[in-house]
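Just below is one structure, and these are the notes that go with it.
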Amino acid sequence: MKHVAIIGGGIAGPVTALALRRAGMDVTIYEAYRTSSDEAGGTLGLAPNGLAALEIVGVAGAVRAAAQPTTRSVMTLANRTRLELPSLSEVGPLHMVRRADIYRALRDEVVKQGIPVEYGRRLTGVEGTTAIFADGSRAGFDVLVGADGVHSTVRRLIDPDAPGPKWTGMLSLEGVSPYEVPEDLETTVFAFGRRGYYLYWRNAAGGTTWGVNLPYHRPLSLAQAREVPREEWMRTLRETYGEDVPGGDLIRHTPVTSMLVTGALYIMPSVPHWHRDRMVLVGDAAHAPSNSSGQGASLAIESAVQLARCLRDIEDVPQAFAAYERLRRGRVEKVAARTAKIIHAKTPGPVVQKLIPLLMPLMLKTFMNPDKTVGPEQRYRIDWDAPVAAVS
C-alpha cells in the first residue's frame with residue numbers, strides 16, 4: 001500500500017492518520033474547511049474505552065490533562081425525582097472535555113508525526129483512485145477513508161442510495177454560568193426538565209457548565225444557527241428551561257457571551273455499505289449513535305484504530321475492509337439500539353412529561369444493570385499488537 005487519503009480533519013480523521021502512521025503507512029488528511037478546528041464544537045463525554053483507544057495513538061495524556069473527570073452520575077426528573085445512577089467499578093471515570101481540546105491534542109500530535117494536512121480541500125468526487133476536490137485539485141490514493149461526519153460525501157460515493165442522517169428534533173447549545181450548583185466536582189447531573197433535556201456539572205475553575213438538547217421546529221446547520229443573535233437564543237432558553245431547577249438559574253445567570261451554539265443533533269440509521277472498492281467509512285460517517293449513549297466520540301476513535309489494524313495486517317484491501325466491518329458493526333449498532341428510545345424522552349410532550357417520573361425509576365431498576373448494559377461498552381479494549389485475521 002502506497003498512500004492513504006483521509007477525508008475529514010475532525011476527530012476520527014486524525015486518529016485514523018495517527019494509527020496508520022504507527023502501522024507504517026503514508027497518509028494525508030484533507031480537510032474541507034480552510035482552518036483547523038481548534039475552537040470548534042462544545043463539550044463531550046469521553047468514555048474509558050475511548051480514552052484507552054487514544055492511548056494507542058499517543059494523545060490520551062494531553063486529552064486527560066484538559067478534561068474534568070466525573071465519577072458519579074445523577075438523573076433528575078421534572079424537578080421532583082432525583083436518582084443516583086449505578087456505576088461501574090474498575091473502568092475509570094468519564095471525562096468531560098471540550099472538542100476543541102481534543103482537536104488541539106490531535107493536531108499537535110499530527111504535526112509532531114509529520115503527517116500532511118491540506119485545508120480547504122472539499123471532496124466532490126472520485127475517479128478510479130483519484131480524489132477530486134471542489135477547487136479543481138486532485139490527489140491519488142491507494143485507500144480513501146471517509147472520516148467526513150454524518151453528512152459524509154464519501155458515504156454517497158460508496159452508495160448513492162445510502163441513508164442520510166436523521167435529525168433528532170433538537171439543537172445543542174451550552175454555556176458556562178457563574179451560578180454554582182450544590183454538587184461535588186466529580187458529579188454530572190442529567191436532567192429531564194419540563195420542556196427539554198439538559199445536563200450540568202461544576203467546574204474546577206469555578207461556575208457551572210451546562211448543555212441543553214433544545215427541542216426545535218427545524219434543523220439548522222451550524223452556520224444558520226450562529227446567524228441567530230445570541231440574545232434570541234438566550235430568550236428561547238429562558239422560555240424552555242426557566243421553570244426548571246437549577247436549569248432556570250443556570251441560564252439566567254449565564255452571560256450572553258458565554259453561550260455557544262454547537263449545532264443540530266443527528267443520529268445515523270444503519271448504513272448498509274461501509275466500503276466499496278478502495279473507499280471506506282469511519283466514525284460518524286458510518287455510525288453516529290444518540291448523544292445519550294455517551295459513546296459517539298469513543299466509538300469513532302475505536303473504529304479509526306481498528307481500521308488501521310486491519311489495513312496493517314491484511315494485504316488485500318477489500319478483505320481488510322471486510323475484517324474491519326466484522327470487528328465494528330455489531331458493537332456500534334448495539335450501542336445505537338440501546339439509546340435510541342431515550343431521544344423521545346428528551347423532547348417530552350404532555351403525556352410523556354407525566355409518565356417520565358413513573359417510568360424512569362422502573363427502567364433503572366429493570367434495565368440499568370451497568371454490568372450488563374454499559375459494562376461491555378466501557379470495558380472494551382483494543383489489543384493493538386494482536387494480528388487481525390481476514391474474514392473467511
Side-chain angles (χ1 to χ4, degrees), residues 11 37-48 50-51 54 59-76 79 82-85 87 91-106 108 170-193 196-214 226 230-231 233-234 237-238 240-242 244-263 265 291-298 346:
I11 293 177
S37 302
D38 285 3
E39 300 304 324
T43 303
L44 58 83
L46 192 62
L51 199 61
L54 285 179
V59 299
V63 171
R64 193 181 287 110
Q68 182 167 323
T70 177
T71 59
R72 180 169 173 260
S73 298
V74 171
M75 180 184 293
T76 63
N79 299 334
R82 182 181 173 93
L83 301 164
E84 182 96 15
L85 297 180
S87 61
V91 296
L94 179 75
H95 282 76
M96 308 304 289
V97 58
R98 295 174 63 240
R99 283 183 182 270
D101 290 326
I102 299 181
Y103 294 149
R104 194 172 295 112
L106 289 168
D108 290 349
M170 294 176 287
L171 303 178
S172 175
L173 302 92
E174 70 174 57
V176 177
S177 175
Y179 182 88
E180 292 203 348
V181 294
E183 308 287 349
D184 62 60
L185 290 175
E186 293 198 3
T187 296
T188 298
V189 180
F190 303 90
F192 289 85
Y197 168 86
Y198 65 103
L199 75 164
Y200 57 90
W201 62 93
R202 276 185 59 201
N203 296 324
T208 304
T209 296
W210 55 264
V212 304
N213 293 172
L214 176 71
R226 290 185 175 176
R230 289 186 178 189
E231 292 80 4
W233 282 124
M234 291 300 288
L237 291 172
R238 287 192 292 269
T240 306
Y241 298 97
D244 293 322
V245 178
D249 283 327
L250 286 171
I251 290 168
R252 282 188 289 270
H253 286 85
T254 299
V256 172
T257 54
S258 295
M259 190 277 297
L260 177 68
V261 184
T262 56
L265 293 171
N291 66 326
S292 304
S293 70
Q295 282 286 346
S298 295
K346 287 185 171 184

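Computed from a predicted model, the values in this text were never measured in an experiment.
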Sequence neighbours excluded, the answer for side chain to side chain donor-acceptor pair (under 3.5 Å) partners of Thr262 is Ser172
Closest heavy-atom pair, Ala191 versus Thr76, reported as atoms and distance to 0.1 Å, is CB-OG1, 3.2 Å
Closest non-hydrogen atoms of Val256 and Glu231, given as atom of the first, atom of the second and distance, are CG1-OE2, 4.0 Å
Say whether, by atom type as modelled, one donor and one acceptor occur between the side chain of Glu180 and the main chain of Gly207 under 3.5 angstrom.
yes
Of Leu94, Val63, Val59, the one forming a side chain to side chain contact (heavy atoms under 4.5 Å, CB included) with Leu51 is Val63
dist Phe192:CZ -> Leu83:CG (nearest 0.5 Å) comes out at 10.5 Å
Check: Below 4.5 Å, heavy atoms only, C-beta onward: do Tyr241 and Leu214 meet side chain to side chain?
Finding: yes
*asked:* Quick one: does any side-chain atom of Tyr198 pair with a main-chain N or O of Gly247 as donor and acceptor, under 3.5 Å?
replied: yes
Handout entry: Salt-bridge present (Arg82, Glu183; N to O < 4.0 Å)
Key = yes
Smallest heavy-atom separation, Pro93 atom then Thr71 atom, equals CB-CG2, 3.9 Å
Rounding to 0.5 Å, atoms OH (Tyr197) and CG (Asp244) come to a distance of 13.0 Å
> Do Leu54 and Leu46 touch side chain to side chain, with heavy atoms closer than 4.5 Å?
Replying inline: yes
Heavy-atom nearest pair, Val181 first then Arg202, reads O-CD, 3.1 Å
dist Asn291:CG -> Leu265:CG (nearest 0.5 Å) comes out at 5.0 Å
Those residues at least two apart in sequence (or on a different chain) that pass side-chain contact (heavy atoms from CB on, under 4.5 Å) with Thr188 are Thr70, Met96, Phe190, Leu199, Trp201
Here the gap from Ile11 atom CD1 to Ile102 atom CD1, rounded to the nearest 0.5 Å, amounts to 4.5 Å
Smallest heavy-atom separation, Tyr179 atom then Asp249 atom, equals OH-OD2, 3.5 Å
* Thr257 backbone acceptor or donor facing Arg230 side chain under 3.5 Å -> yes
Distance col, row Leu237:CG vs Leu171:CG, nearest 0.5 angstrom, shows 10.0 Å
| request: Say whether, by atom type as modelled, one donor and one acceptor occur between the side chain of Ser298 and the main chain of Ala47 under 3.5 angstrom. | output: yes
Using only atom types and a distance under 3.5 Å, with no angle test, would you say the side chain of Arg238 pairs donor to acceptor with the backbone of Ile251? no
Hits for side chain to side chain donor-acceptor pair (under 3.5 Å) against Thr209, two or more places apart or cross-chain, chain-then-number order -> Asn203
query: Can you tell if the side chain of Ser87 reaches within under 4.5 Å of the side chain of Arg72, non-hydrogen atoms only?
result: no
Next item on the list: Tell me, with the steps shown, if Val261 and Met259 meet side chain to side chain contact (heavy atoms under 4.5 Å, CB included).
Entry: CA-CA 7 Å; Val261 184; Met259 190 277 297; 4.0 Å; yes
Separation between CZ (Arg98) and CD (Glu174), nearest 0.5 Å, reads 8.0 Å
